[in-house]
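Every chain is numbered from 1, with letters handed out A, B, ... down the list of sequences. These numbers come from a predicted model, not from an experiment.
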There are 2 protein chains.
Amino acid sequence: MKGQDIKEAGLKVTLPRLHVLEFLEAHQGQHFTADELFTQIRATVSDIGLATIYRVLSQFEAAGLVVKHQFDNGHAVYELDTGEHHDHMVDIDTGEVKEFFSKKLEELQEQLADEYGYELIDHNMVLYVKKK
Amino acid sequence: MKGQDIKEAGLKVTLPRLHVLEFLEAHQGQHFTADELFTQIRATVSDIGLATIYRVLSQFEAAGLVVKHQFDNGHAVYELDTGEHHDHMVDIDTGEVKEFFSKKLEELQEQLADEYGYELIDHNMVLYVKKK
DNA sequence: GTGGGTGCAAATAATTTGCACGGTA
DNA sequence: TACCGTGCAAATTATTTGCACCCAC
């Protein structure tokens, strides 16, 4: 049952929270803005507020249920946190987002931070690409 | 003379444009938000509008005189485009931004895009780090 | 029952735009 | 003198917050 994850995050199990979580689970691997989530969920639920979506998303992000990404186009997108880290490639023609993971890349980043005397905490990396 | 670059960009050489360009040249390697530029430049010029700063910055960006970066904290920062590409490391404790370049990293990115059947057009990569 | 959670509308924050005036070529 | 460029204020967009009501525990 989905309520489990919410409860474990120390949050009360409420309808809006369930709806957001269910929607994201039903669309794993896809990315949504708060507004997209609002519109899509409202299509079936009718009484949910955009503000609540924002509130729920930040709570989920803090709880590690959800990951937030800020692409260059301005607004933030959210996706379910599957526990497996990955980076993103955005097709600048179609806007399509592809997830990928490269061990080599992760290691290189650690190495670079280290080289400058830092410890790597997090990173944000987006490749803007175009179909060949 | 600085006006040269502006003229070459196909823009009329005006006071606000000169001021922004001069300020950025006087502070190379540093990053500023539109508002910071506004406040700092206004300190010596007095009649310049924030809207103009935004307009000038987008024009400069389009002309390749300036590079815009979107860090995770929300607002965009600008810096002079020296022609040498580099990425950024942000110290999450101090907010300090350090520039770095790694040939290996650039190559790896090309390689990854290629692997997925894409051509790499641009990328955005920020390492969030902490002093050891 | 009661305190956290919610919807709505109003408030922010960053950025953009409309418009009449001013300065550059 | 042409028009582009500017300052200012109002408009937009994404997100946050205040507040009275509601629901999970």
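Partner assigned to dA2(D) is none, using Watson-Crick or G-U wobble distances below 3.5 angstrom.
The residue D35(A) sits apart from the nucleic acid: no heavy atom pair falls under 4.0 Å. Counting any heavy atom pair closer than 4.0 Å across all strands shown, R17(B) reaches sugar-phosphate atoms only and no base atom.
For R55(B), taking side-chain heavy atoms from C-beta onward, the closest of the listed nucleotides dA14(D), dG18(C), dT15(C) is dG18(C). The nucleotide whose nearest atom lies closest to any side-chain atom of T14(A) is, among dT6(C), dC8(D), dC25(D), dT6(C). When each of dG7(C), dG7(D), dT15(D) is scored by its nearest atom to the side-chain atoms of T52(A), the top-ranked nucleotide is dG7(C).
Distance CG (L57(A)) to C1' (dT15(D)): 11 Å, rounded to an integer number of Å. In this structure, OH of Y78(A) is placed 10 Å from C1' of dA14(D), rounded to the nearest angstrom. As a whole-Å value, the separation of L15(B) CG from dG23(C) P is 10 Å. Residue H19(A) contributes atom NE2, which lies 14 Å from atom P of dC23(D) at whole-angstrom precision. Rounded to whole Å, the distance from CZ on F32(B) to P on dA14(C) is 17 Å. Regarding I53(A), its CD1 atom lies at a distance of 15 Å from the P atom of dA14(D), rounded to whole Å. Atom CZ of F38(A) and atom P of dA14(D) are 14 Å apart (whole Å). If you measure from atom CD of E36(B) to atom P of dA13(C), you get 16 Å, rounded to the nearest angstrom.
Nearest-nucleotide positions on DNA chain C place Q59(A) closer to the 5' end than the other of Q59(A) and A34(B). Mapping K12(B) and I48(B) onto DNA chain D by nearest heavy atom places K12(B) at the nucleotide closer to the 5' end.
In this model, no donor atom of one side chain and acceptor atom of the other lie less than 3.5 Å apart for H27(B) and Q40(B). A donor and an acceptor atom, one from each side chain of H31(B) and E99(B), are located under 3.5 Å apart.
Note on R42(B): a side-chain N or O is less than 4.0 Å away from OP1 or OP2 of dC8(D). Taking side-chain N and O atoms only, Y54(A) has no distance below 4.0 Å to OP1 or OP2 of dT16(D).
Here Y78(A) and F60(A) keep their ring centres 6.0 angstrom or further from each other.
Between H86(B) and H69(B), the ring planes are tilted. Angles from 30° to 60° get that label.
When the options K68(B), H88(B), Q28(B) are evaluated for a side chain to side chain donor-acceptor pair (under 3.5 Å) with E79(B), the one that passes is H88(B).
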